[in-house]
Q: 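The following block contains the structure, expressed as structure tokens.
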Amino acid sequence: MGLFDRMAEEKMAEAVRRGELDRLPGSGAPLPPDDLKHVPEELRAGYRMMRNAGMIPAELEMNKEIATMQDLLKLCEDEEQRGELRKRLTEKQLRYQLLLERQGLGGTQAIRTYETKLTQQLTGEDRHANGMDATGSGNEAEARRKAQSD
């Protein structure tokens with residue numbers, strides 16, 4: 001346990017002994033679910049601080065835009081517009097990958113897992129049903145073969 005952890009534990013134990021934590025609102029109730037469960041544990045503290053300050057990480061904003069563009073592409077019936085959307089979507093995905101690489105996050109397993117879970121949450125997709133594993137890896141041909149055999 002680190003120095004700050006010990007200091008925090010001591011302060012909390014002291015407050016409990018003095019009764020300062022008795023009758024707090026929500027006392028005894030279960031904690032709310034963690035809305036950052038899809039974020040790797042080592043990134044959660046930073047994301048909480050940004051969220052509490054009203055900031056959205058650039059990669060999250062870009063990922064939301066990508067999900068929106070994917071939804072638009074699914075609904076678009078005009079081939080010319082579909083082509084333009086595909087082009088814009090590809091550009092956005094490339095910019096997203098570059099952003100992650102510049103931040104040194106592009107190749108880490110934690111980020112791949114986070115990206116997969118975030119995409120699932122934003123799009124409502126179940127990657128397992130598409131032949132993807134928990135990290136979002138897998139290839140499309142294998143996924144198609146699996147879907148055809150089911």
Side-chain angles (χ1 to χ4, degrees), residues 1-78 80-140 143:
M1 187 181 295
L3 175 65
F4 289 111
D5 292 330
R6 276 187 263 133
M7 288 173 52
E9 289 290 329
E10 288 173 13
K11 292 284 185 184
M12 286 188 282
E14 191 177 306
V16 167
R17 279 193 299 276
R18 289 192 307 251
E20 293 176 8
L21 302 179
D22 295 343
R23 293 179 304 247
L24 289 175
S27 180
L31 293 172
D34 188 1
D35 59 341
L36 294 176
K37 66 180 178 246
H38 61 281
V39 176
E41 192 165 331
E42 62 270 15
L43 300 176
R44 287 183 191 160
Y47 275 64
R48 279 193 184 93
M49 288 180 359
M50 290 175 68
R51 181 192 59 204
N52 293 343
M55 298 179 72
I56 297 176
E59 66 270 16
L60 180 59
E61 185 65 36
M62 205 174 271
N63 211 331
K64 283 183 178 183
E65 291 171 10
I66 289 170
T68 299
M69 291 175 84
Q70 288 171 333
D71 288 343
L72 287 172
L73 191 58
K74 287 177 188 176
L75 299 173
C76 185
E77 295 178 0
D78 183 289
E80 188 175 324
Q81 288 179 342
R82 284 179 66 82
E84 181 61 30
L85 275 171
R86 274 192 211 102
K87 179 182 173 187
R88 288 179 33 216
L89 177 59
T90 301
E91 290 171 359
K92 182 71 72 175
Q93 288 170 328
L94 287 172
R95 276 187 263 142
Y96 177 72
Q97 289 301 322
L98 285 172
L99 174 67
L100 291 180
E101 287 174 16
R102 277 190 213 125
Q103 294 175 347
L105 303 173
T108 67
Q109 181 63 37
I111 292 300
R112 284 193 299 271
T113 302
Y114 163 67
E115 181 181 13
T116 300
K117 289 180 180 182
L118 182 61
T119 301
Q120 288 172 347
Q121 194 169 42
L122 290 172
T123 62
E125 282 185 21
D126 181 3
R127 295 285 185 187
H128 297 287
N130 295 330
M132 305 296 269
D133 64 16
T135 64
S137 62
N139 72 44
E140 292 179 33

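Computed from heavy atoms alone, side chains included, the values below leave out hydrogens, waters and symmetry copies.
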Q: Flag the pair Glu10 and Arg6 as a salt bridge only when some basic side-chain nitrogen lies within less than 4.0 angstrom of an acidic carboxylate oxygen.
A: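 Salt bridge between Glu10 and Arg6, a charged N being under 4.0 Å from a carboxylate O: no.
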Q: How many angstroms lie between atom CE of Met50 and atom CG of Leu43, to the nearest 0.5 angstrom?
A: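 So the CE of Met50 and the CG of Leu43 are separated by 10.5 Å.
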Q: Look up atom CG in Leu85 and atom CG in Asp78, then write down how far apart they are to the nearest 0.5 Å.
A: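 Atom-to-atom, Leu85:CG and Asp78:CG are 9.5 Å apart.
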Q: Test Gln93 against Gln97 for side-chain contact (heavy atoms from CB on, under 4.5 Å), laying out the working first.
A: CA-CA 6 Å; Gln93 288 170 328; Gln97 289 301 322; 5.8 Å; no
Q: Rounded to the nearest 0.5 Å, how far does CD of Glu61 lie from OH of Tyr96?
A: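 Atom-to-atom, Tyr96:OH and Glu61:CD are 12.0 Å apart.
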Q: When rounded to the nearest 0.5 angstrom, what is the spacing between CG in Leu94 and CG in Leu99?
A: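 It is 12.5 Å, given to the nearest 0.5 Å.
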Q: For atom CZ of Arg23, is the number of surrounding heavy atoms from other residues, nucleotides or ligands below 6.0 Å larger than 12?
A: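 12 or below, so no.
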Q: Rounded to the nearest 0.5 Å, what separates atom CD1 in Ile66 from atom CZ in Arg95?
A: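 The CZ atom of Arg95 is 9.0 Å from CD1 of Ile66, to the nearest 0.5 Å.
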Q: Taking side-chain hydrogen bond (donor to acceptor under 3.5 Å, both in side chains) as the criterion, tell me which of Gln70, Lys92, Arg88 meets it with Glu65.
A: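 Going through Gln70, Lys92, Arg88 one by one, the side-chain hydrogen bond (donor to acceptor under 3.5 Å, both in side chains) with Glu65 is satisfied by Lys92 alone.
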Q: Hey, what do you get for CE (Met7) to CD (Glu9), rounding to the nearest 0.5 Å?
A: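 Answer for the CE-CD pair, Met7 versus Glu9, is 12.5 Å.
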Q: Do the side chain of Arg82 and the main chain of Leu73 share a donor and acceptor less than 3.5 angstrom apart?
A: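 Pair found, side chain donor or acceptor close to backbone of Leu73.
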Q: Please determine whether the number of non-hydrogen atoms from other residues, nucleotides or ligands lying under 6.0 Å from atom CE of Met55 exceeds 12.
A: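 Result for CE/Met55: open.
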